[in-house]
Amino acid sequence: MQLINYYVARTKWKDWTLELASADASFRRYFRIYKGDESVILMDSSLEKESLKPFIDVTNRLLHVNVKAPQILDINIEDGFLIIEDFGNAHYLNVLDDTNYEKLYSQAMAEIVTMQDASAENLPLYDRDFLRFEMDLMPQWYLKEYLHVNLSAAQEEMINTSLDEIITEVELQPQGLFVHRDYHSRNIMIPREGEVGVIDYQDAMSGAVTYDLVSLLKDCYVEYDAQEVERLALKFRDMKNLHVDDATFIRWFDFMGLQRHIKVLGIFCRLYLRDGKDGYLNDLPLTLKYVIQTANKYEKTRNLAKLLSSIKLPKT
């Protein structure tokens, strides 16, 4: 805190009140600096200084296409601090319910369409190797480290084959688009009525058309009826003016979802085991449910669904 206080003391916000606003799955922290009705956010990336330049770069890409990303008000690369626009405390997870999800998700999907207008040039590629690297977190951290499962050679081969099949399917959809990578209810803010405020995008990559859609509609923190999710997914297809039949687009959506949720199983367990963050264990059951339900729909992944269904999660 001493370094933070020293930094703020040299800014025009030096006489304002500073308090912790939130922390995220990384080692970043966020502080609110306020005076009366005015406020800004201090992003503390002092433990992840390398993330600041990507954050600034991606912010500029998004602002260029009129995505509602926070304006950057002050930069201190040396110490790992930014001061950015404050979008308030209201995010989608606070307000989503059965009466408003259609409206809010439609607004959020329209924002994906706008985000995909942003330049993906020179962003890291969501290529075959990276898709596989992410999914490999599941057998390592979820099955072996968290559940202590001793996989047989045949099981390991089946998992490897299934993950390769998922990647092959993902690669069939349009690629090379701006991908936020974590576009879910906790990262979508409501600065004002009708606005969609986008945060936590510094890990953006160039990838598939359905990735952010899956993050939004198959959110690991909130669940909606599967038929409603498919209906909204097809609504997004129409927003994008993609000329592809319903079954094909849902297949793209499903296999992209498998890749994301298999990865997330590993990430949630790694956050617990390596980083001491146990809150994400509460979100494992829904994430696992997404994987099993979707994998059961397709012959290529049915054996993976069977294996994961046979292993019970410990009670948290």
Chemist: Treating Ile, Leu, Val, Met, Phe, Trp and Tyr as nodes and any side-chain heavy-atom pair under 4.5 angstrom as an edge, say whether Val170 and Val244 lie in one connected cluster.
Modeler: yes
Chemist: Quick one: sort the Tyr298 and Phe255 rings into parallel, tilted or perpendicular, breaks at 30° and 60°.
Modeler: tilted
Chemist: Would you say Ile56 and Ile77 make side-chain contact, with heavy atoms under 4.5 Å?
Modeler: yes
Chemist: Between Lys240 and Gln116, does any side-chain donor sit less than 3.5 Å from a side-chain acceptor?
Modeler: yes
Chemist: Can you find a side-chain donor-acceptor pair between Arg132 and Asn160 that sits under 3.5 Å?
Modeler: yes
Chemist: Please report the interatomic distance CG(Asn76) to CE(Met43), rounded to the nearest 0.5 Å.
Modeler: 13.0 Å
Chemist: Does any donor atom in the side chain of Tyr30 or Arg32 lie under 3.5 Å from an acceptor atom in the other side chain?
Modeler: no
Chemist: For a quick check under 3.5 Å, do Thr210 and Gln173 share a side-chain donor-acceptor pair by atom type?
Modeler: yes
Chemist: Rounded to the nearest 0.5 Å, what separates atom OG1 in Thr59 from atom CD1 in Ile72?
Modeler: 4.0 Å
Chemist: Classify the ring geometry between Tyr146 and Tyr272 as parallel (under 30°), tilted (30 to 60°) or perpendicular (over 60°).
Modeler: perpendicular
Chemist: Taking Leu104 as the starting point, is it possible to reach Leu234 by hopping between hydrophobic residues whose side chains are less than 4.5 Å apart?
Modeler: yes
Chemist: Please tell me if the side chains of Glu230 and Gln227 come closer than 4.5 Å, counting only heavy atoms from C-beta onward.
Modeler: no
Chemist: What heavy-atom pair brings Ala69 and Leu63 nearest, and what distance separates the two atoms?
Modeler: O-CD2, 3.4 Å
Chemist: Are Met205 and Leu137 grouped together when hydrophobic residues (ILVMFWY) are joined by side-chain heavy atoms under 4.5 angstrom apart?
Modeler: yes
Chemist: If you measure from OG on Ser45 to CD on Gln202, what distance do you get to the nearest 0.5 Å?
Modeler: 7.0 Å
Chemist: Hey, are Thr161 and Asp164 close enough side-chain-wise for a donor-acceptor pair under 3.5 Å?
Modeler: no
Chemist: Might you work through the salt bridge (charged side-chain N to carboxylate O under 4.0 Å, His left out) test for Glu228 and Arg231, ending with a clear yes or no?
Modeler: CA-CA 5 Å; Glu228 279 295 283; Arg231 182 182 66 80; 2.8 Å; yes
Chemist: Can a side-chain donor-acceptor contact be found between Lys235 and Ser106 if the only test is distance below 3.5 angstrom?
Modeler: yes
Chemist: Consider only side-chain N and O atoms of Tyr7 and Asp74, and report whether a donor and an acceptor are under 3.5 Å apart.
Modeler: yes
Chemist: Determine, step by step, whether Tyr183 and Tyr211 satisfy the ring pair (Phe, Tyr, Trp, His ring centres under 6.0 Å) criterion, reporting the C-alpha distance in whole Å, the side-chain angles of both residues, the deciding distance to 0.1 Å, and the verdict.
Modeler: CA-CA 9 Å; Tyr183 191 70; Tyr211 191 96; over 10 Å; no
Chemist: About how many Å separate CG of Leu271 and CH2 of Trp141, when rounded to the nearest 0.5 Å?
Modeler: 10.0 Å
Chemist: Can a donor-acceptor pair be found, under 3.5 Å and without considering hydrogens, that links the side chain of Arg274 to the backbone of Cys269?
Modeler: no
Chemist: Does this structure show an ion pair linking Lys218 with Glu223, if we count only N-O contacts that are shorter than 4.0 Å?
Modeler: no
Chemist: Can a donor-acceptor pair be found between the side chains of Gln140 and Glu145 at a distance below 3.5 Å?
Modeler: no
Chemist: What's the separation between atom OG1 in Thr11 and atom CD1 in Ile33, rounded to the nearest 0.5 Å?
Modeler: 6.0 Å
Chemist: Nearest 0.5 Å, please: how far is CE in Met138 from CG in Leu288?
Modeler: 9.5 Å
Chemist: Assess the residue pair Lys300 and Thr168 against the criterion (side-chain hydrogen bond (donor to acceptor under 3.5 Å, both in side chains)); give the C-alpha distance rounded to whole Å, side-chain angles, the decisive distance to 0.1 Å, and a yes or no.
Modeler: CA-CA 11 Å; Lys300 291 181 174 183; Thr168 297; over 6 Å; no
Chemist: Kindly say whether the aromatic ring centers of Phe236 and Phe253 come within a distance under 6.0 Å.
Modeler: no
Chemist: Is it the case that more than 12 heavy atoms not belonging to Lys14 sit under 6.0 Å from its NZ atom?
Modeler: no
Chemist: Is there a side-chain contact between Leu62 and Met115, using heavy atoms and a 4.5 Å cut-off?
Modeler: yes
Chemist: Donor-acceptor check, side chain of Arg260 to backbone of Arg181, threshold 3.5 angstrom: yes or no?
Modeler: yes
Chemist: Step by step, work out the side-chain hydrogen bond (donor to acceptor under 3.5 Å, both in side chains) result for Asn100 and Glu102.
Modeler: CA-CA 6 Å; Asn100 64 19; Glu102 169 88 24; over 6 Å; no
Chemist: Do Arg186's NZ or CZ and the ring of Tyr92 fall within the cation-pi criteria of under 6.0 Å and 45°?
Modeler: no
Chemist: For Tyr142 together with Phe268, are the ring centres under 6.0 Å from each other?
Modeler: no
Chemist: Please tell me if the side chains of Asn187 and Val198 come closer than 4.5 Å, counting only heavy atoms from C-beta onward.
Modeler: no
